[in-house]
Amino acid sequence: MTFSLEQNNKFPIRFLELGDSALTLELGEGIDPQLVKRVATLDKCVNEAWRAGELSGIVETVPTYRSLTIIFDPLSCSRQRLKEYVLSLPENMFLTPAPDERLWILPVCYEDDFAQDLGAVAESAGISTTEVIALHTASTYLVYMLGFLPGFPYMGDLVPQLQMPRLAEPRIRVPAGSVAITGKQTAIYPFESPGGWRLLGRCPVELFNHRRTDPALLRQGDQVRFRAISRHEFDLISRETSAESLDLSRFLEKGGCHAR
Amino acid sequence: MPAELIVRKTGMLTSIQDLGRFGYRCYGVPWSGALHPDLVRIANVLVGNPQDSAVLETLVTGPVLEVVRGVLRIAVVGDALIEIVRKDQSRLIRSWRSVTLEAGDLFKVKTVSRGRAAYLAFSGGISVPKVMGSRSTSVRGHLGGIDGSFLSVGDSLTCSENSVPAGPELNFPVNPLADIPYNHTRDLTSSFLEFRVILGPQQDYFSAESQRDFFQQEYQIGSDSDRMGLRLEGNAVKHRSSAHREIVSDGMIPGAIQIPGNGLPIIMLAESPTVGGYPKIATVISCDLPKLAILSPGQRIGFRPVKVDQAETLLRQYRLGQAALLESVAPLTWLSDPFPETGNQID
């Protein structure tokens with residue numbers, strides 16, 4: 001069997017084989033907020049059915065922009081049962097918005113050595129650096145998915161003026177907390193890492209900490225807006241972060257914190 | 001008093017690993033864990049541990065460890081020669097067996113001679129805190145092990161308990177890696193190993209001709225391979241068109257074979273990112289992945305397609321075989337040791 005194209009009336013689902021121990025359920029092709037919401041809803045249903053014992057042998061699920069990968073032990077999970085379950089989900093389920101959207105207002109310092117590419121971005125957009133910051137902080141971004149590094153959020157969409165390709169030569173070390181852009185997307189690097197995105201500033205809030213109950217600050221479907229802060233305020237928040245005394249809920253504008 | 005060892009030489013890319021960190025891929029956290037989990041199980045059984053205890057994984061060349069406190073049993077699994085120095089007396093032993101060490105002993109693991117990985121288990125297991133359910137080191141994720149890093153000179157390894165198993169030293173009488181050639185260049189280039197894969201998830205990004213080429217090709221494992229992936233050298237696999245060189249990122253697991261823009265396959269391993277933006281032509285089946293993951297650069301390999309139901313049957317047989325193999329652990333006798341030592345008794 002290669003892959004099968006199944007029709008769930010309005011929303012087609014392709015079941016793609018990712019080896020003998022995973023299936024990727026592809027709901028669409030592009031990067032689109034409606035599509036991500038359908039993925040998040042499907043993820044929630046599969047996890048609930050697993051927890052309720054309707055599905056067995058699942059190891060974990062990975063939601064992305066456009067698909068849900070379900071990883072399982074092939075000898076204790078029936079992929080036939082999995083497919084039947086997914087196809088039995090009512091079509092209108094995909095129309096219901098995810099109930100627990102959260103809105104974060106995250107502080108970003110766009111100053112000094114935090115903003116290595118701010119000048120170049122402004123120049124190639126033909127606007128001032130102040131205008132770049134104004135544009136970057138004006139939009140509300142959707143967290144499309146987490147990946148690349150633990151807690152790394154792929155967020156969008158950037159306004160067209162700020163959309164530009166990756167650096168021709170990626171940096172070997174992008175510092176932790178760097179706020180960066182490429183294409184339609186913006187992100188925050190949770191750890192120091194190599195990276196080719198353009199750096200606009202730095203966020204003093206820890207994106208990932210394994211000691212927290214919810215190790216990743218953001219999750220798929222969250223909304224994020226940035227607020228420009230001074231270097232002084234950055235240092236104050238950084239100090240609280242280092243002391244692990246920072247109350248994360250103060251950056252939460254809407255919606256509660258609870259486990260997935 | 002729990003036994004303690006100090007790292008005197010690290011060897012190449014030596015890290016603390018167990019069977020992996022599961023359940024956090026949705027946050028972008030890779031599984032990590034040993035490249036060959038079945039060797040970890042054997043190593044742990046040889047020193048009387050639960051099969052999932054934390055061990056050292058060492059790639060290419062092993063570490064030098066000094067026991068500074070206590071008594072412990074240690075076992076190396078994977079083909080490597082071991083030197084033990086006790087009171088200025090040196091003795092060589094082979095791997096695949098346990099040996100008891102005491103304070104003052106120096107334990108040197110020489111170059112790994114078949115494949116690139118060897119595993120060192122310590123009675124009681126390595127005592128580092130579990131991070132999100134696992135002691136595995138994820139260097140990319142800065143998680144687990146000691147500060148989320150490969151071992152450094154001077155690191156201290158403490159065993160969880162002081163218990164040295166009673167009874168004789170144990171021996172593993174078969175070599176499950178026997179069909180992997182020794183790491184001499186001539187052997188590697190003259191031997192060929194085939195691995196089974198399931199097509200997809202993005203096989204439709206490659207023409208039928210290109211897929212056929214992929215299965216007829218021979219590849220060599222590249223020298224820049226690491227715990228994240230094996231980079232293959234050989235003829236490039238052609239994408240259907242330039243628009244088929246990338247995908248909107250989707251889920252990825254160890255075993256997935258990505259074809260990036262240059263057409264040279266990358267087989268994802270334990271440290272694989274959770275998502276990837278290149279099309280995946282096929283995925284190595286579960287029971288073939290551990291052996292593939294520990295092959296040395298230069299090894300020639302190829303791929304053969306199988307169906308999902310075949311892969312499931314093969315996995316069932318493989319697991320039964322592994323369970324039976326673990327049962328074959330037996331006391332080490334003079335007869336079961338092909339390199340018996342006399343005179344300078346250490347065990």
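Chain identifiers are assigned alphabetically (A, B, ...) following the order of the sequence lines, protein sequences preceding nucleic acid strands; residue numbering begins at 1 within each chain. All figures in this text were calculated on a predicted structure; none of them were measured in a lab.
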request  = May I ask you to decide if Val308(B)'s main-chain N or O and Glu17(A)'s side chain share a donor-acceptor pair within less than 3.5 Å?
outcome  = no
ask   = Is chain A contacted by the side chain of Val248(B), its backbone, both, or neither, given a heavy-atom distance below 4.5 Å?
value = both
query = Which atoms form the tightest heavy-atom contact between Glu192(A) and His142(B), and what is the distance?
reply = O-NE2, 3.5 Å
message = So for atom CD1, which belongs to Ile172(A), do other residues, nucleotides or ligands contribute more than 12 heavy atoms lying within a distance under 6.0 Å?
response = no
task = Is it possible for you to check whether Arg140(B) lies under 6.0 Å from the centre of the six-membered ring of Phe148(A), through NZ or CZ, and within 45° of that ring's axis?
result = yes
message = Need one label for Ile71(A): side chain, backbone, both or neither, based on atoms under 4.5 Å from any heavy atom in chain B.
response = side chain
key: Pair Arg319(B) + Asp73(A), salt bridge at N-O below 4.0 Å   = yes
message = What I'd like to find out is whether the side chain of Trp31(B) reaches to under 4.5 Å of the side chain of Glu60(A), using heavy atoms alone.
response = yes
task = For each of Pro305(B), Pro30(B), Gly141(B), Gly200(B), tally heavy-atom pairs with chain A at distances under 4.5 Å, and name the one with the top tally.
result = Gly141(B)
task = Please state whether the side chain, the backbone, both or neither of Gln202(B) comes within less than 4.5 Å of a heavy atom of chain A.
result = side chain
inquiry  = Using every non-hydrogen atom in the two residues, find where Asp250(B) and Ser67(A) come nearest and quote the distance to one decimal.
reply    = CB-OG, 3.5 Å
ask   = From Lys280(B) NZ over to Leu16(A) CG, what is the distance, rounded to the nearest 0.5 angstrom?
value = 9.5 Å
task = For Leu18(A) and Pro201(B), work out which heavy atoms get closest and say how close.
result = CD1-CD, 3.7 Å
task = For chain B, find which of Leu146(A), Leu218(A), Thr64(A), Leu75(A) contributes the most heavy-atom pairs closer than 4.5 angstrom.
result = Leu75(A)
inquiry  = For Gln220(A), which atoms come within 4.5 Å of any heavy atom of chain B: side chain, backbone, both, or neither?
reply    = neither
Engaged part of Pro215(A) at the chain B interface, taking heavy atoms whose separation is under 4.5 Å = side chain
ask   = What part of Ile285(B) is in contact with chain A, defined as an atom under 4.5 angstrom from a non-hydrogen atom: side chain, backbone, both or neither?
value = both
ask   = Among Leu143(B), Val131(B), Asp309(B), which has the most heavy-atom pairs under 4.5 Å with chain A?
value = Val131(B)
task = Over all heavy atoms of both residues, which pair between Arg66(A) and Ser249(B) is shortest? Give the atoms and the distance, please.
result = NE-O, 4.2 Å
message = Side chains of Asp214(A) and Tyr27(B), heavy atoms from C-beta outward: is any pair under 4.5 Å?
response = yes
query = Can Arg14(A) and Asp204(B) be counted as an ion pair, charged N to O under 4.0 angstrom?
reply = yes
ask   = Can you tell which of Asp20(A), Thr69(A), Val59(A), Leu23(A) has the highest number of heavy-atom pairs within less than 4.5 Å of chain B?
value = Asp20(A)
query = Heavy-atom distance under 4.5 Å to chain B: side chain of Ser193(A), backbone, both or neither?
reply = neither
ask   = Which atoms of Tyr144(A) come close to chain B, meaning under 4.5 Å heavy atom to heavy atom: side chain ones, backbone ones, both, or neither?
value = neither
ask   = Considering residues, nucleotides and ligands other than Glu84(A), do more than 12 of their heavy atoms fall under 6.0 Å from its CD?
value = yes
message = Surrounding CD of Glu244(A) (heavy atoms of other residues, nucleotides or ligands, distance under 6.0 Å), is the total greater than 12?
response = yes
query = Got a sec: does the OH of Tyr205(B) have more than 12 other heavy atoms crowding it under 6.0 Å?
reply = yes
request  = Mind running side-chain contact (heavy atoms from CB on, under 4.5 Å) on Phe208(A) and Val29(B) for me, showing each step along the way?
outcome  = CA-CA 10 Å; Phe208(A) 191 90; Val29(B) 180; 3.6 Å; yes
task = Over all heavy atoms of both residues, which pair between Thr274(B) and Gly147(A) is shortest? Give the atoms and the distance, please.
result = OG1-CA, 3.7 Å
